[in-house]
Protein chains: 2
Amino acid sequence: MYISDPSETKRPARQRDAERTRAAILAAARTLFSTRGYAHTGVREVADLAGVNSALVGRYFGSKLGLFRATLEELDITPMFQLERHRFGVTMVAVFFDSPDAPGPLAMMLLSAADPEAHAASVEFLHKKVLIPLARWLGPPDGEGRAAKLSILWNGFLTSWKLLPLPALTGARLASVRRWLEAETQAIVDEGKA
Amino acid sequence: MYISDPSETKRPARQRDAERTRAAILAAARTLFSTRGYAHTGVREVADLAGVNSALVGRYFGSKLGLFRATLEELDITPMFQLERHRFGVTMVAVFFDSPDAPGPLAMMLLSAADPEAHAASVEFLHKKVLIPLARWLGPPDGEGRAAKLSILWNGFLTSWKLLPLPALTGARLASVRRWLEAETQAIVDEGKA
DNA sequence: CGGATATGTACACGGTCGTTTACCTAGGAC
DNA sequence: GTCCTAGGTAAACGACCGTGTACATATCCG
């Protein structure tokens with residue numbers, strides 16, 4: 001029986017489903033971490049957004065840092081390496097521009113860079129899951145150096161677009177920067193070839 | 001008389017010098033904001049590093065946000081616009097590489113990007129004090145677009161060097177990226193010229 | 001010299017946060 | 001049907017933080 005006076009009744013009883021609950025927390029964390037960063041995301045906020053009791057965050061992920069790490073582990077950037085090499089620039093740019101939450105993971109890491117532990121987790125993720133595979137995918141000559149250049153370009157673009165947004169990055173000028181980004185990206189991919 | 005038992009004596013009495021105190025707080029704030037970011041820098045920390053009572057931060061700057069803004073206002077990037085155009089790339093890169101705290105201001109803003117109020121102050125500063133003057137200095141064609149490109153390049157480099165440091169950015173590879181950065185920067189400055 | 005005031009100090013308030021504890025109960029095992 | 005445990009809830013703890021207040025005193029002006 002659902003009573004309107006909360007002082008006379010217990011909560012209606014949430015459906016019990018561990019996987020669903022865990023997934024809901026993870027999804028909420030992804031959203032909040034990538035918009036507010038680690039420090040400004042509270043476990044109570046995450047729980048509220050997930051529609052879940054806040055103590056469950058501790059139960060499922062051990063700690064806030066554990067939740068952050070789990071959010072990182074969930075990421076999968078391997079689709080990037082399925083793109084055609086000769087169209088990498090345009091395709092990559094299109095992905096970032098057209099899917100509104102594509103920059104999420106990077107924003108999450110940048111916004112959390114001030115927290116030592118979250119920062120360490122981010123650096124490790126970027127290194128192991130992005131840069132090393134990217135360098136391998138680029139191949140010789142100097143795959144690592146070219147991976148670093150790509151990282152610089154894209155970190156810079158994301159930073160200047162979402163984090164400390166340049167007012168200049170709108171309309172026709174955004175389109176111009178977009179073409180520049182495509183060309184630079186493609187040039188790095190093609191470097192040393194033919 | 002300096003007593004070893006603090007319960008039996010008052011503090012020795014600090015020299016009174018408003019300007020010096022204010023400057024000490026500002027210097028400490030610059031250091032901490034640019035290494036830990038806004039959220040992870042406490043007013044007590046700043047005061048301790050400055051060797052000053054923590055209530056003085058409030059007295060001199062009103063609030064923590066006021067302190068952050070004052071730290072921003074102190075910055076002066078006009079020397080950048082004194083550089084020779086045809087050597088802008090190499091000189092600019094040299095400044096960043098050789099003076100160890102040159103990236104400080106940008107690091108401070110990026111690390112504080114998660115705090116709405118500090119973020120707003122940073123964006124306003126970047127716009128008014130950096131991008132608009134830079135666009136004007138670059139001149140036609142499309143000074144604003146080229147300023148945006150420079151911003152992307154340098155934001156990206158700083159991010160990948162200091163914030164989420166790429167392990168690949170060391171030794172010979174760092175030198176290679178450095179040359180690339182010089183060339184790209186110079187190309188943007190020269191764009192459309194002769 | 002004797003106040004007046006700018007400067008510095010000590011401390012507590014209210015709030016938020018991550019985490020932990022103690023308890024409840026839905027729902028499957030038998 | 002009964003137990004038992006995984007899943008969920010409520011509340012509190014201790015720590016930290018930004019800020020405000022009440023008080024002390026060095027320094028300067030008359």
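In the text below, chain A, chain B and the rest are named by the order of the sequence lines, each starting its count at 1.
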B:E117 atom CD, neighbour heavy-atom count above 12 within 6.0 Å: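 No, the 6.0 Å shell around CD holds no more than 12 heavy atoms from other groups.
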For B:T21 and C:dT7, is the shortest distance between a side-chain N/O and OP1 or OP2 below 4.0 Å?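 So the side chain of B:T21 is outside the cut-off, no N or O lying under 4.0 Å from OP1 or OP2 of C:dT7.
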Taking 4.0 Å as the cut-off, does a side-chain nitrogen or oxygen of A:Y60 come that near to OP1 or OP2 on D:dG7?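 Answer is no, no contact under 4.0 Å.
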Measuring from atom CD of A:E191 to atom CG of A:L150, what distance do you get when rounded to the nearest 0.5 angstrom?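 One finds 9.0 Å between CD of A:E191 and CG of A:L150.
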Whole Å only: how far is the [atom1] atom of [X] from the [atom2] atom of [N]?
| X | N | atom1 | atom2 | result |
| --- | --- | --- | --- | --- |
| A:E19 | D:dG7 | CD | P | 10 Å |
| A:I25 | D:dG7 | CD1 | C1' | 11 Å |
| A:D48 | D:dA10 | CG | C1' | 14 Å |
| A:D17 | C:dG27 | CG | P | 11 Å |
| B:R59 | D:dT25 | CZ | P | 16 Å |
| B:N53 | C:dC11 | CG | P | 11 Å |
| A:R22 | D:dA6 | CZ | P | 17 Å |
| B:R36 | D:dC17 | CZ | C1' | 15 Å |

Under 3.5 Å: donor-acceptor pair, side chain of B:H40, backbone of B:T35: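 Side chain of B:H40 to backbone of B:T35, a donor-acceptor pair under 3.5 Å: no, none is there.
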Using modelled atom types only, decide if a donor and an acceptor are shared between the side chain of A:T31 and the backbone of A:A27 within a distance under 3.5 Å.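 Yes: the side chain of A:T31 pairs with the backbone of A:A27.
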Between A:F97 and A:F157, does the ring centre distance come in under 6.0 Å?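 Yes.
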Before we go on, tell me: are the rings of A:F96 and A:W161 under 6.0 Å apart, centre to centre?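 That pair fails the under 6.0 Å test.
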Does the protein touch nucleotides 13-21 of chain C at the base, only the backbone, or not at all? Give it as B, S and - per nucleotide, heavy atoms under 4.0 Å. ----BBBB-
